[in-house]
Amino acid sequence: MDWMAWTWPTAAFFLSIAALLVIFTLLAIRFPETPRHGILGIETTRGDRLFITLLGSAFINLAWLGLVGQAQPAALVVCLIYAVAVFRWV
């Protein structure tokens, strides 16, 4: 496995996503929800909004790397604001 650099930040990233998936599964079991309509005009559940948030955050980070450079902590703040907006209005 010389082709992949497993560092602590990489491991923390994948563990965070795994933890989110487990938490959202438990929330869906414990507190079932009905889909809601947001600004996109489609029905979304918690899991849908999580997926939209993760996908959008990936694009935000890629754009940040291409336009700004290596200062990723500021991109994290932008991603958190984006996540709050998605879970609030989508």
Side-chain angles (χ1 to χ4, degrees):
M1 270 229 257
D2 294 333
W3 61 273
M4 187 163 215
W6 282 103
T7 62
W8 284 110
T10 304
F13 172 76
F14 284 108
L15 288 174
S16 297
I17 291 178
L20 279 172
L21 291 173
V22 168
I23 290 168
F24 274 65
T25 300
L26 294 174
L27 281 173
I29 293 168
R30 179 70 176 109
F31 304 106
E33 69 171 333
T34 56
R36 68 179 194 197
H37 285 44
I39 61 172
L40 293 179
I42 59 173
E43 289 185 348
T44 60
T45 63
R46 279 186 219 109
D48 297 329
R49 291 187 293 275
L50 176 64
F51 177 75
I52 292 168
T53 299
L54 291 173
L55 191 61
S57 296
F59 285 118
I60 289 169
N61 278 285
L62 286 172
W64 193 276
L65 279 173
L67 299 172
V68 177
Q70 296 296 325
Q72 287 299 104
L76 175 63
V77 173
V78 174
C79 288
L80 291 174
I81 293 169
Y82 172 72
V84 169
V86 167
F87 274 91
R88 176 71 178 106
W89 291 300
V90 172

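Below, each value reflects all heavy atoms present in this structure, side chains not excepted, and no hydrogens, waters or symmetry copies.
The same ILVMFWY cluster, assembled from side-chain heavy atoms under 4.5 Å apart, contains both Phe13 and Leu50. Trp64 and Leu62 fall into different hydrophobic clusters, where Ile, Leu, Val, Met, Phe, Trp and Tyr are joined by side-chain heavy atoms under 4.5 Å apart, directly or via other members. When the side chains of ILVMFWY residues are joined at heavy-atom separations under 4.5 Å, either directly or via intervening members, Val86 and Leu55 end up in two distinct hydrophobic clusters. Linking ILVMFWY side-chain heavy atoms closer than 4.5 Å, directly or via other members, places Leu40 and Tyr82 in a single hydrophobic cluster. Hydrophobic clustering of Ile, Leu, Val, Met, Phe, Trp and Tyr side chains at less than 4.5 Å, counting indirect connections, keeps Phe59 apart from Leu67.
Annotation for Leu80: hydrophobic cluster partners, listed by chain and number, are Leu76 (ILVMFWY side-chain heavy atoms under 4.5 Å, direct or chained).
For Glu33, the CD atom counts as densely surrounded, since its 6.0 Å shell holds more than 12 non-hydrogen atoms of other residues, nucleotides or ligands.
Here the straight-line distance linking atom CH2 of Trp89 with atom CZ of Arg49 works out to 13.5 Å at 0.5 Å rounding. Distance check, rounded to the nearest 0.5 Å: CD1 of Ile60 to CG of Leu65 gives 12.5 Å. To the nearest 0.5 Å, atom CD1 of residue Ile52 and atom CD1 of residue Ile42 are 5.5 Å apart.
Scored by the side chain to side chain contact (heavy atoms under 4.5 Å, CB included) test, Glu43 finds Pro35, His37 as partners (sequence neighbours excluded).
Judged purely by atom type and a 3.5 angstrom limit, Asp48 uses its side chain to pair as donor or acceptor with the backbone of Thr45. Not a single donor-acceptor pair under 3.5 Å links the side chain of Arg46 to the backbone N or O of Phe24.
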message = Between Val77 and Ile81, does the side-chain contact (heavy atoms from CB on, under 4.5 Å) criterion hold? Intermediate values first, please.
response = CA-CA 6 Å; Val77 173; Ile81 293 169; 4.1 Å; yes
